[in-house]
Amino acid sequence: MKPTHQCNQIDLKLENQEVIVAGWVQRRRDHGGLIFIDLRDSNDLVQVVFSPETAQDAHKLAHELRSEFVIAVQGKVSKRPEGTENPNLTTGEIEIMADELEIINRSETPPFVIEDSGPQVSEDTKLKYRYLDLRRPSMQRNLRVRHKATMAARNYLDKQGFFEIETPVLTKSTPEGARDFLVPSRFNPGKFFAMPQSPQLFKQLLMISGFGKYFQIVKCYRDEDLRADRQFEFTQIDIEMSFTDEEEIFALTEGLFADIFQKCLGITIPTPIKRMKYHEAMERFGSDKPDERFGMELINISDIVADCQFKVFSSIVAKDGQVKAIVAPKQADLSRKQIDILTDFVKDFGAKGLVSFKILEDEVDSPVRKYFSDEVLKNIIERTEAKVGDLILIVADKPKVVAESLGRLRLKLGNDLGLIDESQFKFSWIVDFPLFHYNEEEKRLDSEHHPFTGIHEKDMELLDIDPLKVRSRSYDLVLNGSELASGSIRIHKQDLQEKIFRILKINKEEAQQKFGFFLEALKFGAPPHGGIAPGLDRLVAIMCGIKSIRDVIAFPKTQSGTCPLTGAPSEVSEEQLKELGLSVEEVLE
RNA sequence: GGGGCUGUGGUGCAGUCUGGUCUAACACGCUGGCCUGUCAAGCCAGAGAUCGCGGGUUCAAUUCCCGUCAGCCCCGCCA
């Protein structure tokens, strides 16, 4: 029997019609007489009724049904008897009175119940039986949203005149940035391909090739530790254009996201998306990817405490440090112990300590209360707009430490206190990033974005004088505190590109060896170009209201980078190693 | 490399702090029986756990200690 309808297509309009549905047994309710089966297909659930009076054979066979059996049922769509409708089901008004039942395939009892409600199964078990986990309606929905987002992106970019060009997965290791996944070359023993961390140089080469508008929905590979929002392999909507500028890329990207949100969620996102300078983001939120769904911004009180009795504050201000505060609403009743926990939290991010002021009805309570005059306190309260019952939390340190620690604390409190409205989508562009940052360990400059990032025309002369002040032409699109897309206008002149390598202390030989092919290409009439690369996994996760991108990837890895389903990674045979000219060292304890 | 949380029948959990009463509880699921309007069906009966693994302390360890493994969250890392 082949299905004539999907479960979600069955409604009252089909009353008294014969249909065939096929799917899995979600649940069986055997009354001895009547047997009810909830039949699940990839779209919905529908109730099938087996009655000994109307279909004796089918009823008899239905006794054998168990969870996850694959069946096909032929029967008549009927309106449910008055009072037995189930408003919790979309198909709750009708049911199928079975005439015939075919057990297409039996199933062992599944290790967990295939449903969204009920106890949450451990990640390990879910991934081991991922094919069962994926039967759950929410997983079906997540992957459907992912598909729709991908299709929307393809269609949108196609309409804008872009074409999708594939780039190699087996390519050259360019040991900048993340750790590469390597693939040994059998033809060239001792040599390795690397899997791309992104198709960055290939898409730039395509611009040089004269493909003015390129995109690719492409896997990228980075051998770094995994997180809830990071997998070894992830997918980017990779985009690059020639003869372009920031305005064009912003407009294109905004159009792309507007289209995706409209088509997948029916949500209209307001455009244009507002822009925020990197420095403003760091000052107000202590982060280059601010979550703007709630307040609690960082407030600078350095000037107020510059001359106060509390030496920790005044001395830091004197040393060009910063003193900043956030206000935790209605948290003045936190215990000493709870504040200690927050203090330990900021210490993880380099802060020396956390000063707290509890704003009570007619006094301010603080371990360091005695160092502050009433006037200074009044000014702090005025500046921070703290109200009675609030808790002011202050960090004093180098600006970088203040931003990092208070920014993180803000996020933690925002989460813990439930200040975040999860139904919102808050986009913003972050612009005017610095081109470089100082790498303390290596005692040299590193690219903030990547070494191919273009430079603000006005800052060009700063390159030799004060490179840390140079602003790049890169931009990030941030959604709800998550970096959703990152891109830049690139360098298209060979001499400038070489100069950047010099500043990054990549010597000529090294640059030649790693990027020589690219520097060569830049000599042959490279057009100005730029692009952006939205991360599909994070986008879909946010659209689905999900924390972990594992839930929007069909077959993800665990945090330790393994696949419980297949057992990957695994050992390989001696023959395979020999062919590749590899040997594995025993790891001794 | 580091910090935190978790690990007890198939699944989710109680018990662990304060060792003996644990012959390991409960719910779901499973097996069998009864049952013609349920939809978390109901009722009855039953099976199913060397308490992640290894070591130690103790007369005695699911419980305390050390180590280890796995999952999750995080720091570092992720141009």
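Convention: sequence-line order gives letters A, B, ...; per-chain numbering from 1.
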[X] [atom1] - [N] [atom2] separation (whole Å):
X	N	atom1	atom2	answer
A:I35	B:U38	CD1	C1'	12 Å
A:L39	B:C39	CG	C1'	14 Å
A:Q120	B:G10	CD	P	20 Å
A:D348	B:G76	CG	P	9 Å
A:Q559	B:C69	CD	P	15 Å
A:E64	B:G32	CD	P	11 Å
A:F345	B:G3	CZ	P	18 Å
A:M97	B:U36	CE	P	15 Å

With respect to the phosphate group of [N], does any side-chain polar atom (N or O) of [X] fall under 4.0 Å of OP1 or OP2?
X	N	answer
A:T558	B:G71	yes
A:R29	B:U38	no
A:S117	B:C28	no
A:R28	B:U38	no
A:R538	B:C78	no
A:S122	B:G12	yes
A:R27	B:A41	yes
A:Q197	B:C78	no
A:R227	B:C72	no

Counting side-chain heavy atoms from CB outward, which of [options] is closest to [X]?
X	options	value
A:R80	B:G37, B:G76, B:C73	B:G37
A:A228	B:G37, B:G12, B:C73	B:C73
A:R408	B:U31, B:C74, B:U36	B:C74
A:T562	B:C75, B:G71, B:C73	B:G71
A:S560	B:A70, B:C77, B:G37	B:A70

Can you tell me how far [atom1] in [N] sits from the matching atom in [M], rounded to whole Å?
N	M	atom1	value
B:G15	B:G32	C1'	31 Å
B:U63	B:C51	P	9 Å
B:A14	B:G7	P	7 Å
B:G54	B:U62	C1'	16 Å
B:C72	B:G12	P	14 Å
B:G76	B:U50	C1'	40 Å
B:G67	B:C59	P	24 Å
B:C77	B:C5	P	24 Å

Counting distance alone, no hydrogens or angles: does the base of B:G37 have a donor or acceptor under 3.5 Å from a partner atom on the side chain of A:E95?
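Result: at least one qualifying N/O pair found.
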
Ignoring hydrogens and angles, are the base of B:U31 and the side chain of A:R66 linked by a donor-acceptor pair under 3.5 Å?
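Result: no qualifying N/O pair found.
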
Pairing partner of B:C72, by Watson-Crick or G-U wobble and under 3.5 Å for both distances, is B:G4

Check: Who is the Watson-Crick or G-U wobble partner of B:G32, with both distances under 3.5 Å?
Finding: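 WC or wobble partner is B:C44.
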
Does the side chain of [X] pick up a donor-acceptor pair with the side chain of [Y] at under 3.5 Å?
X	Y	result
A:T167	A:Q216	yes
A:E509	A:Q513	no
A:D446	A:N439	yes
A:D476	A:Y278	no

Handout entry: Atom of A:Q6, atom of A:N43 and distance for their closest heavy-atom approach
Key =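 Smallest heavy-atom distance, with atoms named: OE1-ND2, 2.5 Å.
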
Indicate, with a heavy-atom threshold strictly under 4.0 Å, whether [X] touches base, sugar-phosphate, or nothing.
X	value
A:Q200	base
A:P111	sugar-phosphate
A:D124	sugar-phosphate
A:D30	base
A:E82	nothing
A:E123	sugar-phosphate

Practice prompt. Please confirm whether the backbone N or O of A:L479 pairs with a side-chain atom of A:S482, one donor and one acceptor, at under 3.5 Å?
Written response: no

Worksheet entry | Whichever of A:T109 and A:D38 has its nearest RNA chain B nucleotide further upstream toward 5' |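 Taking each residue's closest nucleotide, the earlier one in sequence belongs to A:T109.
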
On RNA chain B, compare the nucleotides closest to A:S67 and A:H63; which residue's is nearer the 5' end?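 Closer to the 5' end of RNA chain B: A:S67.
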
- Item | Min side-chain heavy-atom separation A:L413-A:L393 under 4.5 Å | yes

Are the ring of A:F112 and the six-membered base ring of B:U11 within the stacking cut-offs of under 5.5 Å and under 30°?
->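 No; by the centre-distance and plane-angle rule, A:F112 does not count as stacking on B:U11.
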
A:H31 stacking on B:A41: centroids under 5.5 Å, ring planes under 30°?
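A stacking contact exists, since A:H31 sits close and nearly parallel to the base ring of B:A41.
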
* To do: Tell me whether the guanidinium CZ or amine NZ of A:R27 lies under 6.0 angstrom from the six-membered ring centre of A:F36 and within 45° of its axis.
  =>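 Negative - A:R27 is either too far from the ring of A:F36 or too far off its axis.
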
- [ ] Measure up the A:Y129 and A:Y131 rings against each other and bin them: parallel (under 30°), tilted (30 to 60°), perpendicular (over 60°).
- [x]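 It falls in the perpendicular class, over 60°.
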
